[in-house]
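In what follows, chains carry the letters A, B, and so on, assigned in the order in which the sequence lines appear, proteins first and then strands, with residues in each chain numbered from 1.
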Amino acid sequence: MSPGMPSPEQMMGMIAATTEDEIDCGQAFELMHQYADLVDSGQDAAALLPTVRKHIEICKDCRQELEALLLAIHAGD
Amino acid sequence: MIKQSQYRDNDTWLLDLSASGIQRDRALVELRAILLSGLRAALRGWVHASGREFGELCEDFVQEALVQILDKLETFKGLSRFTTWAHKICIRIALSELRRKRWQDSSLDEHMEQGDTMPDTKTPEPDAGMQSSMSMTWLMTAMQEELSEKQMAALTLVALKGVPLEVAAERLGTNRNALYKLIHDARLRLKARMARDGMTMGDLGHG
């Protein structure tokens with residue numbers, strides 16, 4: 001297993017948390033800017049957009065993009 | 001309340017960028033500066049953030065982003081600050097390209113060769129305990145018995161080897177969304193197998 005990759009237990013935890021109604025990366029991208037502004041303004045983004053929250057918990061690529069987006073918008077605050 | 005840190009509000013951005021002549025040019029100059037500043041901050045963890053190359057790289061990404069933003073202007077629904085939406089497009093362009101560059105020299109084909117589509121279970125980590133070993137054994141068996149060859153390759157590349165979705169999708173001849181769905185279906189199959197095998201979160205050390 002590659003360094004930094006999930007352990008078998010983490011992998012199985014991710015499998016156990018899988019639900020039918022997950023959104024894909026394209027759907028997450030459509031809501032990402034809204035989610036980022038909610039986070040940036042101190043609102044409960046996870047409660048307001050739970051499908052995005054769920055997606056970024058699972059999808060490393062989208063999580064990285066959200067983190068980068070938050071850094072970018074903070075640069076202009 | 002969402003802050004609007006720049007002097008333009010969303011309507012003004014849309015109006016100015018849809019205009020022509022100096023009105024549009026001024027808006028583009030301002031948007032370019034905002035995106036550049038944001039991208040420089042966002043990429044600090046991704047590339048060595050100093051020197052001319054970094055600056056040129058950012059400028060190239062921002063230029064491409066501006067083209068896409070102008071193309072997609074009518075799709076902005078006003079659910080966030082305009083600049084956040086614009087940053088999002090710029091970040092996607094930049095990270096997609098950086099991921100491709102980072103993995104372009106890595107031979108994913110080696111990972112795809114028969115016998116290496118599964119994690120290495122023959123040589124467990126030195127500190128791996130009995131729980132980890134049992135979990136790995138279950139995972140390996142379930143993947144082999146429940147997943148298609150394509151699902152196994154996708155899950156192994158993305159979830160176990162950490163290959164970015166776009167890079168893996170390109171190698172597997174698909175796209176990011178379709179690959180995510182393929183992996184999602186694989187996880188659902190494995191979750192059903194967990195239930196059939198009577199495994200609980202407690203068995204995973206989470207209960």
Looking at every heavy atom in both [X] and [Y], which two are closest together, and how far apart are they?
| X | Y | result |
| --- | --- | --- |
| B:Lys88 | A:Phe29 | NZ-O, 2.6 Å |
| B:Arg92 | A:Cys25 | NH2-O, 4.4 Å |
| B:Met199 | A:Met12 | CE-CE, 3.3 Å |
| B:Asn177 | A:Gly26 | OD1-N, 2.7 Å |
| B:Ala42 | A:Leu71 | CA-CB, 3.9 Å |
| A:Cys59 | B:Leu165 | SG-CD1, 3.6 Å |

Chain B interface, residue from A:Asp61, A:Leu69, A:Ile15 that has the most non-hydrogen pairs under 4.5 Å:
A:Asp61

Using a strict cut-off of less than 4.0 Å between a Lys/Arg side-chain nitrogen and an Asp/Glu carboxylate oxygen, indicate whether A:Glu20 and B:Lys181 qualify as a salt bridge.
no

Check this for me: does any side-chain nitrogen of one of A:Asp40 and B:Arg81 sit under 4.0 Å from a carboxylate oxygen of the other?
yes

Rounded at 0.5 Å granularity, tell me how far [atom1] in [X] sits from [atom2] in [Y].
| X | Y | atom1 | atom2 | result |
| --- | --- | --- | --- | --- |
| B:Thr84 | A:Leu38 | OG1 | CG | 10.0 Å |
| A:Met11 | B:Met136 | CE | CE | 9.5 Å |
| B:Ser135 | A:Gln10 | OG | CD | 11.0 Å |

Would you say the side-chain atoms of B:Ser80 and A:Gln34 include a donor-acceptor pair closer than 3.5 Å?
no

Less than 4.5 Å apart, any side-chain heavy atom of B:Val158 and any of A:Lys60?
no

Would one find more than 12 heavy atoms of other residues, nucleotides or ligands at under 6.0 Å from atom CD of B:Glu145?
yes

Count the heavy atoms of every other residue, nucleotide or ligand shown that sit under 6.0 Å from CZ of B:Arg26, and state whether that count exceeds 12.
no

Output the residues of residues 183-193 of chain B for which the shortest heavy-atom distance to chain A is under 4.5 Å, in residue-number order; output 'none' if no such residue exists.
B:His184, B:Arg187, B:Leu188, B:Leu190, B:Lys191

For the residue pair B:Trp85 and A:His33, categorise the inter-ring angle as parallel (less than 30°), tilted (30 to 60°) or perpendicular (more than 60°).
perpendicular

With a 4.5 angstrom heavy-atom cut-off, is it the side chain or the backbone of A:Gln64 that approaches chain B, or both, or neither?
both

Does any heavy atom of chain B fall under 4.5 Å from the side chain of A:Leu70, the backbone, both, or neither of them?
neither

